[in-house]
Amino acid sequence: MFGRSLIKQAAAPAFRSVVAKRTITSSRIALSDKLFVHRDTSDNNANVKFEFSPENLERAKEIMAKYPPQYKKGAIMPLLDLGQRQLGWTSLPVMNAVAKMVEVPPMRVYEVATFYTMYNREPVGKYFLQLCTTTPCQLCGSTEILKTIESTLGIKVGQTTADGKFTLVEVECAGACVNAPVLAVNDDYYEDLTSETTVKVIESLKAGKPLKAGPQSGRLTCEPKGGLTSLTSEPTGPGFMIRPDL
């Protein structure tokens with residue numbers, strides 16, 4: 001019995017030292033410029049009224065007609081987009097109006113609006129600038145494009161210019177890697193950007209005469225910059241390489 005006691009006493013400190021060295025690690029808190037927690041403001045609270053315009057109300061009815069009556073909630077996303085296009089952002093009244101329209105608890109709509117970053121939970125400028133800074137765009141110079149936009153507009157990522165015209169955010173892959181770097185301005189993509197062409201795009205927006213969207217390098221869509229290297233001849237017609245008796 002005495003021997004067992006000594007063994008326990010000798011083993012206890014070693015056990016305690018092992019436990020003391022154990023640590024719990026966690027990843028770094030991710031920062032975002034998106035709003036996921038609602039706070040009432042003078043222009044964003046349940047008492048502010050929102051109604052779809054007559055034109056958008058008809059559009060909303062067309063959208064809902066695509067879904068069976070028991071699956072009206074399937075229209076939540078397109079209806080939120082419609083409301084955002086009318087108001088300029090997705091406010092609490094917009095979400096409540098959509099919830100009433102599809103006959104679901106408002107929380108069901110809040111869950112959607114706070115999950116997808118395409119819904120702007122705060123007011124944005126007339127020109128919503130979304131710069132892709134994911135790896136392909138970064139390798140092609142998006143870091144310099146970001147610096148150019150910030151210096152030209154005098155704002156940082158997540159900010160809006162004093163005149164309310166421009167809001168700048170960083171986004172993940174814009175899905176146009178072959179035309180990197182890419183800047184989305186509202187629904188339009190400006191591609192193959194350089195610092196010089198970026199300034200031209202911004203100045204054209206300031207003047208209210210936007211440049212044509214697409215590649216700013218002169219190439220057509222995503223064709224090779226050096227010109228076509230294949231499929232350079234006229235396509236063959238029907239029946240090519242087919243036996244005449246077939």
Side-chain angles (χ1 to χ4, degrees), residues 32-64 73 75-102 104 106-133 146 149-150 152-172 174-175 182-190 198 201-213:
S32 172
D33 55 7
K34 291 296 180 179
L35 178 66
F36 298 103
V37 179
H38 175 75
R39 294 288 183 267
D40 277 354
T41 61
S42 59
D43 59 351
N44 191 19
N45 62 76
N47 295 321
V48 176
K49 291 186 178 181
F50 171 84
E51 293 181 353
F52 282 106
S53 65
E55 180 182 354
N56 282 339
L57 186 57
E58 288 302 313
R59 176 63 183 141
K61 291 178 181 178
E62 292 175 4
I63 292 173
M64 293 182 63
K73 62 182 180 182
I76 288 177
M77 291 187 68
L79 290 178
L80 281 174
D81 179 69
L82 185 65
Q84 177 166 280
R85 290 178 183 276
Q86 177 175 316
L87 185 63
W89 56 294
T90 303
S91 66
L92 186 68
V94 168
M95 291 187 282
N96 289 341
V98 171
K100 183 177 181 180
M101 185 171 290
V102 298
V104 298
M107 180 55 68
R108 293 291 176 261
V109 180
Y110 303 162
E111 291 169 345
V112 174
T114 55
F115 181 82
Y116 294 100
T117 56
M118 62 183 281
Y119 301 115
N120 300 311
R121 296 278 291 102
E122 295 177 297
V124 297
K126 178 181 179 181
Y127 299 111
F128 187 44
L129 310 182
Q130 301 177 80
L131 179 66
C132 177
T133 55
L146 178 59
I149 297 174
E150 290 180 336
T152 302
L153 295 177
I155 58 175
K156 297 293 184 181
V157 171
Q159 295 181 342
T160 300
T161 54
D163 60 6
K165 277 192 174 183
F166 298 90
T167 296
L168 173 63
V169 298
E170 285 186 74
V171 296
E172 294 303 315
V182 180
L183 172 68
V185 180
N186 297 340
D187 291 331
D188 296 320
Y189 273 20
Y190 288 86
T198 300
V201 170
I202 293 175
E203 293 302 326
S204 72
L205 296 173
K206 287 182 178 180
K209 299 178 180 179
L211 292 176
K212 182 180 179 181

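All heavy atoms count here, side chains included; hydrogens, waters and symmetry mates do not. For this chain, numbers begin at 1 and follow the sequence in order.
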Next item on the list: Quick one: list whatever passes side chain to side chain donor-acceptor pair (under 3.5 Å) with D188, sequence neighbours left out.
Entry: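 Not a single residue meets the side chain to side chain donor-acceptor pair (under 3.5 Å) criterion with D188.
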Check: Can you name the side chain to side chain donor-acceptor pair (under 3.5 Å) partners of T161, sequence neighbours left out?
Finding: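 T161 satisfies side chain to side chain donor-acceptor pair (under 3.5 Å) with D163 once adjacent residues are dropped.
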Please identify each residue that fulfils salt bridge (charged side-chain N to carboxylate O under 4.0 Å, His left out) with [X], with sequence neighbours left out.
X: K100; value: none
X: E172; value: none
X: D81; value: R85

Could you measure the distance from the [atom1] atom of [X] to the [atom2] atom of [Y]? Nearest 0.5 Å is fine.
X: L80; Y: Q84; atom1: CG; atom2: CD; result: 8.5 Å
X: I202; Y: L153; atom1: CD1; atom2: CG; result: 4.5 Å
X: E122; Y: R39; atom1: CD; atom2: CZ; result: 12.0 Å
X: M95; Y: I76; atom1: CE; atom2: CD1; result: 11.5 Å

Could you tell me whether a side-chain N or O of [X] sits under 3.5 Å from a main-chain N or O of [Y], the two making a donor and an acceptor?
X: Q86; Y: V94; result: no
X: N186; Y: K126; result: yes
X: Y119; Y: V112; result: no
X: T152; Y: I149; result: no
X: Y110; Y: L92; result: no

Next item on the list: Tell me, yes or no, whether the heavy-atom count around K73 atom NZ, taken from other residues, nucleotides or ligands under 6.0 Å, exceeds 12.
Entry: no
Note to self: side chain to side chain contact (heavy atoms under 4.5 Å, CB included), that's the test. Do N44 and W89 meet it? Break it down for me.
What the structure shows: CA-CA 10 Å; N44 191 19; W89 56 294; 3.6 Å; yes
side-chain contact (heavy atoms from CB on, under 4.5 Å) against [X], all qualifying residues, sequence neighbours excluded:
X: V48; result: N45, P93
X: V124; result: N120, F128, T167
X: E150; result: L146, K156, V157, L168
X: V171; result: Q130, C132, V169

Next item on the list: Could you pull out all residues at least two apart from F52 that satisfy ring-ring contact (aromatic ring centres under 6.0 Å, His included)?
Entry: F50
Checklist line | Contacts of Y189 that satisfy ring-ring contact (aromatic ring centres under 6.0 Å, His included) - sequence neighbours left out | finding: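 Y189 satisfies ring-ring contact (aromatic ring centres under 6.0 Å, His included) with no other residue.
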Note to self: Which heavy atom of L129 sits nearest to which heavy atom of V185, and what is that distance?
What the structure shows: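 Residues L129 and V185, closest heavy atoms: CD2-CG2, 3.7 Å.
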Notebook entry, point to check: Under a 4.5 Å cut-off applied to non-hydrogen side-chain atoms, are K165 and L205 in contact?
Noted result: no
Notebook entry, point to check: Is there a side-chain contact between M118 and T90 (heavy atoms, below 4.5 Å)?
Noted result: no
Notebook entry, point to check: Do any pairs count as a salt bridge (charged side-chain N to carboxylate O under 4.0 Å, His left out) and have a residue in residues 46-59, sequence neighbours left out, and if so which ones?
Noted result: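 Applying salt bridge (charged side-chain N to carboxylate O under 4.0 Å, His left out) to every pair that reaches into residues 46-59, excluding sequence neighbours, yields E58-K61, R59-E62.
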Next item on the list: For the pair M101 and L57, evaluate side chain to side chain contact (heavy atoms under 4.5 Å, CB included) and give the outcome as yes or no after the intermediate values.
Entry: CA-CA 10 Å; M101 185 171 290; L57 186 57; 4.0 Å; yes
Margin query: As a quick check of understanding, evaluate side chain to side chain contact (heavy atoms under 4.5 Å, CB included) for F166 and K206, giving each step before the final call.
Written below: CA-CA 9 Å; F166 298 90; K206 287 182 178 180; 3.8 Å; yes
Next item on the list: Could you give me the CA-CA distance, side-chain angles and deciding distance for I155 and T160, then say whether side chain to side chain contact (heavy atoms under 4.5 Å, CB included) is met?
Entry: CA-CA 7 Å; I155 58 175; T160 300; over 6 Å; no
